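For clarity, every value in this text was computed on a predicted model and none was experimentally measured. The analysis underlying the following values was restricted to heavy atoms, covering all of them including side chains, and did not include hydrogens, waters or symmetry mates.
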Amino acid sequence: MRRRLALGAAAGSVVAAVVLPASAQAHGLAGRTDLPVPGWIFTWAAAVVLVASFVALSTLWQTPRLEGRRSRAVARIPPVAEPLAGALGVLAFAGLVYSGLAGSQEPLANILPTFVFVVFWVVIPVLSVVLGDVFRPLNPWRAVGRLVVRRPAPLTYPRWLGRWPAAVGLLAFAWLELVCVTRDDPSLLAWLAIAYMSLQLIGMALFGVATWCERADAFGVYFGIAARLAPLEVRDRRLRVRPVLSGLTALEPLPGTVAVVCVLIGSTSFDGAANGLWKQVGPSITRGFAHLGAGPDAAAQLAGTVGLLAAVLLVGGARARRCRRCCRIRSATAPTCWAPRTTPSTTT
């Protein structure tokens, strides 16, 4: 049951974040709305497909079918490949930050906004589902951390913290993409990138590079979960082939994993509602904040924050009810579903 819950959570996050960001591309492509069908049909169709996918997954997949599937090594990765990929990632990061700070401050004339909201947020997850964890070797803060962080780590990462930092980081990025009125400002994005890398380096220095990247790095966690769907993986410097989806069975159900799922699904749902339900509800909330004295931009951002948080909490509430139902069947408590604990192995 625990494996099935973890599998459903991970698959849900990847499906919601990879299939539906087509609507999010509008933020990076100057707001194109020339769809071949009316926008409300597109939005509702996407919602129906998402709900039907979860219903089918929960009702038709009742028994484990992927556990125990073995991967097969097909090629050896040269030891120099990962350092070279890391150096490439650091150079790309430096170039993008320089472009954001010293380049044109017109969003459409600067590569940074397009890279962040299209290449980084849309293309990399798709590549991860197809090719495996392509972000891990290119991760610039991981590459710098592996070079400068001393071993062993001075502190032990608390188990209760789990993937909660990643969930918070993804929520902050969703707010930037969907709510912030200056999200396309190249210099703002550049400084946020510098701040995020600095925070990641501090975390890696305290808790270790591998542990921090696998649990607390918002993008490392997200892309890593997406990569578990892929038929390819790299382990022990070997490229391996495995059955599609089988990588999800090895996902450790740490505290905060479901929160990551709720943030991804909730933010994607809010993005989809931006051209539908939110057009009807959002202006009223914005006017309410304006009557309280907030300026136009501040009122819009406060209203968007309310909408985003409501969407995430709505998904979280639905998940909580689902967990309580499962836990009543198992005569357990609801928190067990939200933060599963591993059962100690027994010796025979």
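- At a threshold of 4.5 Å between non-hydrogen side-chain atoms, the residues W141 and L199 do not count as touching.
- The hydrophobic cluster containing F93 does not contain Y98, counting ILVMFWY residues as joined when their side-chain heavy atoms lie under 4.5 angstrom apart, directly or transitively.
- Taking the side chain as every heavy atom from C-beta outward, T156 and F207 never approach each other to under 4.5 Å.
- A salt bridge does not link R183 with E177: every distance from a Lys NZ or Arg NE/NH1/NH2 to an Asp or Glu carboxylate oxygen is 4.0 Å or more.
- Using modelled atom types, no side-chain atom of E214 and backbone atom of V209 make a donor-acceptor pair closer than 3.5 Å.
- Taking CG of L96 as the start and CG of L101 as the end, the distance is 11.0 Å to the nearest 0.5 Å.
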Does the pair R159 and E252 meet the rule for a salt bridge (charged side-chain N to carboxylate O under 4.0 Å, His left out), with working shown?
-> CA-CA 12 Å; R159 177 173 175 77; E252 186 178 2; 3.3 Å; yes
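- Considering all non-hydrogen atoms of both residues, A227 and G132 come closest at CB-C, 3.5 Å.
- Looking at S269, its side chain does come within 3.5 Å of a backbone N or O of I265 through a donor-acceptor pair.
- Salt bridge absent: R238 and E233 never bring a charged side-chain N and a carboxylate O closer than 4.0 Å.
- Of the possible donor and acceptor atoms, none in the side chain of T257 sits under 3.5 Å from a partner among the backbone N and O of P253.
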Take N110 and S104 through the test side-chain hydrogen bond (donor to acceptor under 3.5 Å, both in side chains) and record every step on the way to the result.
-> CA-CA 6 Å; N110 194 299; S104 170; 5.8 Å; no
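- Ring centers of F173 and F219: under 6.0 Å apart, within the cut-off.
- A continuous path of ILVMFWY side-chain contacts below 4.5 Å connects L161 to L170, so both sit in one hydrophobic cluster.
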Quick one: do V179 and L302 satisfy side chain to side chain contact (heavy atoms under 4.5 Å, CB included)? Show the steps, please.
-> CA-CA 8 Å; V179 178; L302 288 171; over 6 Å; no
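- Grouping the Ile, Leu, Val, Met, Phe, Trp and Tyr side chains by contacts below 4.5 angstrom, directly or via other members, places F135 with V119.
- Contact check on R142 versus E82 returns a salt bridge, with a Lys/Arg side-chain nitrogen under 4.0 Å from an Asp/Glu carboxylate oxygen.
- For an aromatic pair to be called close, the ring centres must be under 6.0 Å apart, and W121 with F115 fails this.
- The line from CD1 of I77 to CG of D236 is 11.5 Å long, rounded to the nearest 0.5 Å.
- In plain terms, the two heavy atoms of P113 and P107 that are nearest each other are CG-O, 4.0 Å.
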Applying side chain to side chain contact (heavy atoms under 4.5 Å, CB included), run through R242 and R235 and close with a yes or a no.
-> CA-CA 12 Å; R242 64 188 179 188; R235 190 170 72 244; 5.9 Å; no
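- The minimum heavy-atom distance linking L112 with L189 is given by the pair CD2-CB, 3.7 Å.
- Clustering ILVMFWY residues whenever any of their side-chain heavy atoms sit less than 4.5 angstrom apart, transitively, puts L206 in the very cluster that holds V148.
- In this structure, M204 and C213 have side chains that are in contact, with non-hydrogen atoms separated by less than 4.5 Å.
- What you find for G256 and W164 is that their closest heavy atoms are N-NE1, 3.4 Å.
- Side chain of R228 to main chain of G247: a donor-acceptor pair is present (N/O by atom type, distance under 3.5 Å, no hydrogens or angles).
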Could you give me the CA-CA distance, side-chain angles and deciding distance for I225 and V261, then say whether side chain to side chain contact (heavy atoms under 4.5 Å, CB included) is met?
-> CA-CA 10 Å; I225 292 177; V261 175; over 6 Å; no
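- Taking the side chain as every heavy atom from C-beta outward, Q301 and C180 approach each other to under 4.5 Å.
- Transitive grouping of hydrophobic side chains (ILVMFWY, heavy atoms separated by less than 4.5 Å) keeps V118 and L138 in distinct clusters.
- In this structure, the side chains of V168 and V263 stay at 4.5 Å or more apart for every pair of heavy atoms.
- Between Y196 and D217, the closest side-chain pair of non-hydrogen atoms falls below 4.5 Å.
- If you take CD1 on I202 and CE on M197, they are separated by 12.5 Å, rounding to the nearest 0.5 Å.
- With hydrogens and angles ignored, the 3.5 Å screen pairs no side-chain donor or acceptor of T114 with any backbone N or O of I111.
- The line from CH2 of W175 to OG1 of T305 is 6.0 Å long, rounded to the nearest 0.5 Å.
- Using a 4.5 Å heavy-atom threshold, the side chains of W212 and L201 count as separate.
- For the atom pair CG of L254 and CZ of R215, the computed distance is 5.0 Å after rounding to the nearest 0.5 Å.
- Looking at heavy atoms from C-beta onward, V234 lies out of side-chain contact with D133 at the 4.5 angstrom threshold.
- The line from CG of L229 to OG of S246 is 9.5 Å long, rounded to the nearest 0.5 Å.
- C262 approaches G316 most closely through the heavy-atom pair SG-CA, 3.5 Å.
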Residues F117, D184; criterion side chain to side chain contact (heavy atoms under 4.5 Å, CB included); working and verdict = CA-CA 9 Å; F117 296 119; D184 292 333; 3.9 Å; yes
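- Closest non-hydrogen pair, S267 versus A174, comes out as CB-CB, 3.6 Å.
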